[in-house]
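Bear in mind that the values here come from a model prediction, so they are computed numbers and not experimental data. Reminder, nothing fancy here: chain letters follow the sequence lines and each chain counts from 1.
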Protein chains: 2
Amino acid sequence: MVTVTQQLGNRLRELRQGRGWSLDQAAEATQVSKAMLGQIERGESSPTLATLWKIATGFRVSFTWLVSGLSFNPGLLEKGERLQHLSTTQDLELVVRFPFDPAVGFEWVELTLAPGAQSMSDAHEPGVTEHLLVIQGVLELQLDGQWHRYETGDTVRFDANQPHGYRNPGPDLLVFEDVIHYRGV
Amino acid sequence: MVTVTQQLGNRLRELRQGRGWSLDQAAEATQVSKAMLGQIERGESSPTLATLWKIATGFRVSFTWLVSGLSFNPGLLEKGERLQHLSTTQDLELVVRFPFDPAVGFEWVELTLAPGAQSMSDAHEPGVTEHLLVIQGVLELQLDGQWHRYETGDTVRFDANQPHGYRNPGPDLLVFEDVIHYRGV
DNA sequence: TGACAACGTGCGTTAAAACGCACAAATGGC
DNA sequence: GCCATTTGTGCGTTTTAACGCACGTTGTCA
């Protein structure tokens, strides 16, 4: 598990050593104490926006360049390590397979609906696209006020910027995967 | 004088209100307390990298998008407001006309050398370019081990990724402007 | 118009970023 | 081999980010 602060630390250390600067020199150039710079390089501190800006300025590097490329990198996932049961009612279960990660721009959830269960959703913001894959049972999806039927193995993609809903007509359990992509990149 | 934190605050408030979210909703989505979100929006707080990341994640927006476009904006400069005398020896003076700003990628300094004074500089990092304009006196510039002569009104641009030096052959005072551009954008 | 809920801000507390200083290891002459 | 300097880390203090709670305001519906 490599955290964002560690990534930034590595990047900063490479930048500094690539120029042959000592922590003292970097501290003078950036007006950030060398103790703090050392902690940031070691990933022991989560710098504020102000200090990030001072670092970028001191190194004559654009702020965007300094922080670009940072990504939430969970590394290899242990089996089921990050499963999160967000909401559990009697007839609906939502499991987060992969939580949202700004680096990839989507989240992956799995929904399980008991026979007869129904889940309605209001319109999301523009630019949100859902990708569904039915794993088990039968899914009925409402779009434009009309219900569409999908069976095991079927896939469907739709713009979530509209009211929509899922239901399980039964008689079996319904399980489907949902990869939700958000626009902001 | 619009600070970086204020810019971020405005951006965040637009993002939140554009979605019709309350501070409570945003706090639940981002796992950042609404008091903190309020302070950030008002530009009263300089959030850490970790909270910036949580905000981007909660809003389903890439981190880069959230912080891109931030720029150091000093607004209209009062006459001589930001003059900084960085080093003052007997025969050399350096005045910072415009400190480095990541938004534009350069800094503007003015150097004054007494007659006979000389200043040698090691190679900078690759991608650094200096632009000189002689205001007063005669400048001699060393490049590739060879001295070149420039008089009042002359201009010269060179790659600073090499040892170079300035000297004033006299007999008058030498004054020249130096716009130093750095690559990282 | 009064009651109620929702919204944003202020306040006191806690956790942690940031600083200055000093120490230990590494480096480099002479 | 020894001394002087430099480089990075650890420590105690100060500053401030971040939190939970409560208050004043605003708008809405009965």
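Here the nucleotide nearest the side chain of A35(A), chosen from dC19(C), dA18(C), dG20(D), is dC19(C).
Note that CD of E140(B) and CD of Q146(B) are 11.5 Å apart. Values are rounded to the nearest 0.5 Å. Put simply, CG on L37(A) and OG1 on T51(A) are 9.0 Å apart, with the number rounded to the nearest 0.5 Å. To the nearest 0.5 Å, atom OG1 of residue T129(A) and atom CZ of residue R157(A) are 7.0 Å apart.
For the pair T48(A) and dT16(D), the criterion of a side-chain N or O lying under 4.0 Å from OP1 or OP2 is not met. Listed pair R13(B) / dC7(C) fails the phosphate criterion, with no side-chain N or O lying under 4.0 Å from OP1 or OP2. The phosphate of dA18(D) has OP1 or OP2 within less than 4.0 Å of a side-chain N or O from T51(B).
Across all strands shown, S33(A) has heavy atoms under 4.0 Å from base atoms, whether or not it also approaches the sugar-phosphate. Residue-level contact check: Q31(A) touches the backbone only, with heavy atoms under 4.0 Å from sugar-phosphate atoms and none from bases.
Here the C1' atom of nucleotide dT9(C) and the CD1 atom of I40(B) are 15 Å apart, to the nearest Å. In this structure, CD of Q39(A) is placed 9 Å from C1' of dG10(D), rounded to the nearest angstrom. Rounded to whole angstrom, the span from the CE atom of M36(A) across to the P atom of dT15(D) amounts to 16 Å. Rounded to whole angstrom, the span from the CG atom of L49(A) across to the P atom of dA17(C) amounts to 15 Å. Taking atom CG on L52(B) and atom C1' on dA17(D), their separation rounds to 12 Å, with Å as the unit. Rounded to whole angstrom, the span from the CD atom of E44(A) across to the P atom of dT9(D) amounts to 8 Å. For W21(B) and dC7(C), the CH2 to P distance is 13 Å, given to the nearest whole Å. As rounded to whole Å, 15 Å separates atom P of dA17(D) from atom NZ of K54(B).
Taking the six-membered ring where the residue is Trp, F158(A) and H164(A) present perpendicular rings, their angle passing 60° and hence far from 30°.
Applying the side-chain contact (heavy atoms from CB on, under 4.5 Å) test to I135(A) and every residue at least two apart in sequence or in another chain returns L133(A), V175(A), E177(A).
Looking at L8(B) and P47(B), their side chains come closer than 4.5 Å, going by heavy atoms from C-beta outward. Side-chain atoms of I40(A) and I55(A), non-hydrogen and from C-beta on, do get closer than 4.5 Å to each other.
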Polar atoms only, N or O, under 3.5 Å: list the protein pairs with nucleotides 5-7 of chain D and their distances.
none

